[in-house]
Structures are given as C-alpha cells and as structure tokens.
Protein chains: 2
Amino acid sequence: MRSRQIPEASVARLPVYLRGLVDIAESGTTTVSSEELARASGVNSAKIRKDLSYLGSYGTRGVGYDVDYLITQISRELGLTQDWATILVGAGNLGRALANYGGFADRGFRIAAIVDAAESKHGLAVAGLEVQPMDEVEQIIKAEDIAIAILAIPGGVAQDVTDRLVGAGITSILNFAPAVIQVPPGISLRKVDLSIELQILAYYEQRRQVSAHVRAGVTPHVLDDSR
Amino acid sequence: MRSRQIPEASVARLPVYLRGLVDIAESGTTTVSSEELARASGVNSAKIRKDLSYLGSYGTRGVGYDVDYLITQISRELGLTQDWATILVGAGNLGRALANYGGFADRGFRIAAIVDAAESKHGLAVAGLEVQPMDEVEQIIKAEDIAIAILAIPGGVAQDVTDRLVGAGITSILNFAPAVIQVPPGISLRKVDLSIELQILAYYEQRRQVSAHVRAGVTPHVLDDSR
DNA sequence: CCGTGTGAAATTATTCACAGCC
DNA sequence: GGCTGTGAATAATTTCACACGG
C-alpha cells in the first residue's frame, strides 16, 4: 500500500513486532509468517498484516516475510537507523534505575546527559555519566543536539521542567512523573505511570471479584438479563 | 446512563481524571466543570462528559461536578476503596526503584511482598520489606491473598515467571520486563516498556525532522496510549 | 496450495451539537 | 445563562474473507 502517515495505533505496535522479530532472528529462523509473528508478539495475524501493509509489500505470498529484511524496514520506518541522543532529567531512584536499565542503548538510543535540580546530586556518577546541574540544561540540549527528554522527576515540578525543556528545543518527551503535563502543539508526549496502570488493573480485578461472588451465589445485587 | 461495562478507553482515562480531581481538591476548589477538569487532566471536555456519563449522572447542569463526590464515585468504580496487595517480582535496579517510588501506596496499593530468584538478594531490605526467595512465591500469594503482580525482571525469564504466577493465583500483571508475555484468557495484563515508548517517539521525531527539511509545516499533537 | 495484501464490513472511539435542567 | 448528559454523526481501528501471486 505504501501510504504515508501510518495510523497511530499501528505505529505503537511496530516496536512490538520488532522485538518479536529480533527474538525470532536470534533463534536462527529466517522467514516468518504473520501467524508466527502473531505468536511471538501477542498481536493477531490480521492486524499484523494490515499494519505491515502500511509500510509496503514486504512479504511473499505463500511464504511469509524475510525476518532480516522486515527488521530493516521497520527499523527504518521508526527512525532507528539513526542514533538518538536523549537527556534524562532527574537522578533520583527512578532516574538512576532507568539510566542503568540495559535495554536502553538497545535500539539507537543513548543517554547523552543526566541533569538534576538538587545540588547534592551534581557530580554523581550514574551509568558512566556525571549528573549535571539543571542550570545547564539549555546549553547541554543545544550542544548535544538532543530532541528527546526522559522525565523522572517529582510530579510537582513536571510542568515547569517541561516548559523549560520545550523552550530549550526538546520536541519529544517521555514522562515518568506522576503528573499530567501539557505540551504545545507539535511536541510529542508519552507518559508512563505506574499508579495509573495499577488503577486500571484494579478496575478489572474488582470486576472479576464481583462476578466471582455472583457465580458463587453471594449477594446477587443487580441481576439484569436484558443485556 | 449507568450502564455496566465501561468502554476500555474510558476506564484507562478514569485514573487520569482522578489525579486531576485530587489536584483540584487540594487547591481548595469544591466544584469543577468538565472544561476545568479538561485543563487539569489533558483530556477534552466532551470526552470527559461522555466518560463520566458511563458512571452515572453525577454532575449538576449549569454548575458542574462536586469534586469530592466525583472522587468518591470514580474511586469506587475503579475499586480503589479497597486495599490491593501486590507482589513485586524482581529486586534489581528497577524493582527497587519501583518499591521506593512514593506514589505507590498512594491509592490503596501496597507491596505485600518482594521476591527475587537470585540468592544474593534474599534477606535484603527493600522499602521496609525483606526480599524473599522465588521458591516461596506460591505460598506468599496464597497467604497474603495477592491478585496483582508487578514484574521487574529480565525479559528472558518473563514468560516462565508469568506462568508460575498465574498458576499460583495471580490474575493481574503489570509487566515492566522488556518481553512480550502471553497470559490465559481472563487474566489482565498491562505492560510498561521504556524502549517501546522511545521507539514510538522516534517515529514522530523522525517525521518531524523530515518535514522540517521539506517545509515549515509542523505535525501537531499529543500522542496517546495504552494498549 | 499457502499466506500475503487489501477492500469491505463490523466494531469501537471520538466529536458534535443541542435539548434539558439547575 | 451555563453546563451537563447524550443521541446522532464522524472518525479510527479491528476483523473478515478472499482474490492474487509465488
């Protein structure tokens, strides 16, 4: 199909396919069907075929996809053939854990700098880098040509820090801070929030417990056949 | 409207509203309009009204929503009025950071136990708990009546550990391991993956750079999550 | 044959727009 | 007058099912 502008939902799955493909490649397999990739990536095969069709016609009918070729194409599409310098903002528990997290430099991402507002953290060595003062953030972003920032800071300062980073030229933000932050149009923002994920799980967990009670004959509170 | 079964997309936003509402409550405001909550939660007001309508008619026309009452209703709907015991699997960098992460016990969640496969970690004190051997995980889950597990383990062992946890009675999993894991039907799974989030950002970053070369037309917008 | 690629159908989610009520 | 609640309209996403080509 080869249309520009891949649907957002598809883009979000491409990295998942990539991970599956890399696993498959490591096992020595060179060709994969959408059905096999479905098993490796937890996404159903029809969705995979549709998603991949947005990239182009990279499969062979009756055969499947060449694993290495597909890895190359997805990587190119995601922009993983270039190196991305990132700045980690916040050298607390979470920030340090993220910095030391292996799978990071994994796919072309590199922490180019770590900054923290607290003077007590300055000069500290984290993952082979010295934590630098927040004061220098503008200069660092410019000097290292950084577009992506990772926020591991307290919620209370998240918006102010974000505004400052955007002012300094950051255009993509991955937010680990437990706060809603606003960005101007044209800036990408993704958030990762432990507490929110747990709350979502709790909803379904509660629902599961309630229905278990009903099945067991305990307090069949509302029972409505009409749906 | 008061229908059972709230759409998944709405459920995923309820915790976001809750956070916004708590912020608003702390500022001393007692009534909020969907427009104000939109500003506080980064979701547009029409969507908010629609989402809240699934819970019931808790607003007052011409006025807005009572902040405390809405907090209560959303909390109840999400199942946050009860306490949830969780087990943290993995006491490495990330696991320890998560355990020490403040906003955790925040909304009724409590780490009841921490386990790790490595003998070197056993007995270690993390966030006021002793790291216990993986051997005892079944017993711990039963004894503490734990339904939710948080996985902060290497990708390579994620599936095996998951199978074991599900076998032991876990029904909700929050996966921080960089791996695709499969769960049986009826088990909830959410994943948080640094590397995948960065790759998604890279796609839009690349696109921004390409279009900047072409012309000054900016690609707009905030990306959303989840699934 | 087999598995991709893709229109078309079905489903889910978002946005609109305004009647209804405070 | 202002803001909710919600049907109806629109858009996005997923699923179906099968023609097509290796």
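So you know, we letter chains A, B, ... as the sequences are listed, proteins then strands, and number each from 1. All values below come from the heavy atoms of this structure, side chains included, with hydrogens, waters and symmetry mates left out. Source: prediction; values computed, not measured.
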(request) Might you work through the side chain to side chain contact (heavy atoms under 4.5 Å, CB included) test for B/Q199 and A/L18, ending with a clear yes or no? (result) CA-CA 10 Å; B/Q199 290 174 44; A/L18 196 50; 3.6 Å; yes
(request) May I have the step-by-step check of side chain to side chain contact (heavy atoms under 4.5 Å, CB included) for A/Y54 and A/Q5, ending in yes or no? (result) CA-CA 8 Å; A/Y54 294 124; A/Q5 187 62 321; over 6 Å; no
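Considering only the side chain of B/K47, C/dT14 comes nearest among C/dT14, D/dT15, D/dG5. Closest to the side chain of B/P7, from the set D/dC3, D/dG5, C/dA13, is C/dA13. Relative to the side chain of B/S53, the nucleotides C/dG5, D/dT6, D/dT13 differ in distance, and D/dT6 lies closest. With D/dT14, C/dC22, C/dG5 as the choices, the nucleotide that has an atom nearest any side-chain atom of A/R49 turns out to be C/dG5.
Paired with A/L151 under the rule side chain to side chain contact (heavy atoms under 4.5 Å, CB included), one option of A/I170, A/L174, A/L165 passes, and it is A/L165.
One donor-acceptor pair, N or O on each side, does fall under 3.5 Å between the base of D/dC20 and the side chain of A/R61.
Side-chain N/O atoms of A/Y65 include one lying less than 4.0 angstrom from OP1 or OP2 on C/dG5. Using a 4.0 Å cut-off, no side-chain N or O of A/K50 falls inside it from OP1 or OP2 of C/dT6. The shortest distance between the side-chain N/O atoms of A/N44 and the OP1/OP2 oxygens of D/dT14 is not below 4.0 Å. Considering only side-chain N and O atoms, B/R13 lies under 4.0 angstrom from the phosphate OP1 or OP2 of C/dT14.
Whole-Å rounding puts the A/L37 CG to C/dG3 C1' distance at 13 Å. The separation between B/D66 atom CG and D/dC3 atom P is 16 Å, rounded to whole Å. Rounded to a whole Å, the CG atom of B/L52 is 16 Å from the C1' atom of C/dA13. Atom-to-atom, CD of B/Q5 to P of C/dA13 comes out at 10 Å; the value is rounded to the nearest Å. Rounding to whole angstrom units, CD of residue B/E35 and C1' of D/dG2 are separated by 12 Å. Put simply, CD1 on B/I48 is 14 Å from P on C/dC16, counting in whole angstrom units. Rounded to whole Å, atom P of C/dA13 lies 12 Å from atom CD1 of B/I6. If you measure from atom CG of B/L70 to atom P of D/dT4, you get 11 Å, rounded to the nearest angstrom.
Using a 4.5 Å heavy-atom threshold, the side chains of A/Y101 and B/N93 count as separate. Side-chain contact between A/Q206 and B/E77 is absent, with no heavy-atom pair separated by less than 4.5 Å.
Counted by atom type alone, B/Y204 and B/R208 present zero donor-acceptor pairs between their side chains at under 3.5 Å.
Within 4.0 Å (heavy atoms only), B/S10 reaches no atom of the nucleic acid at all. Using a 4.0 Å heavy-atom criterion, one finds that A/S34 contacts the sugar-phosphate atoms exclusively.
The 5' end of DNA chain D is approached more closely, in terms of each residue's nearest nucleotide, by B/S33 than by the other of A/G62 and B/S33. Of the residues near DNA chain C, B/A46 and A/D51, the one whose nearest nucleotide (by heavy atom distance) lies more toward the 5' end is A/D51.
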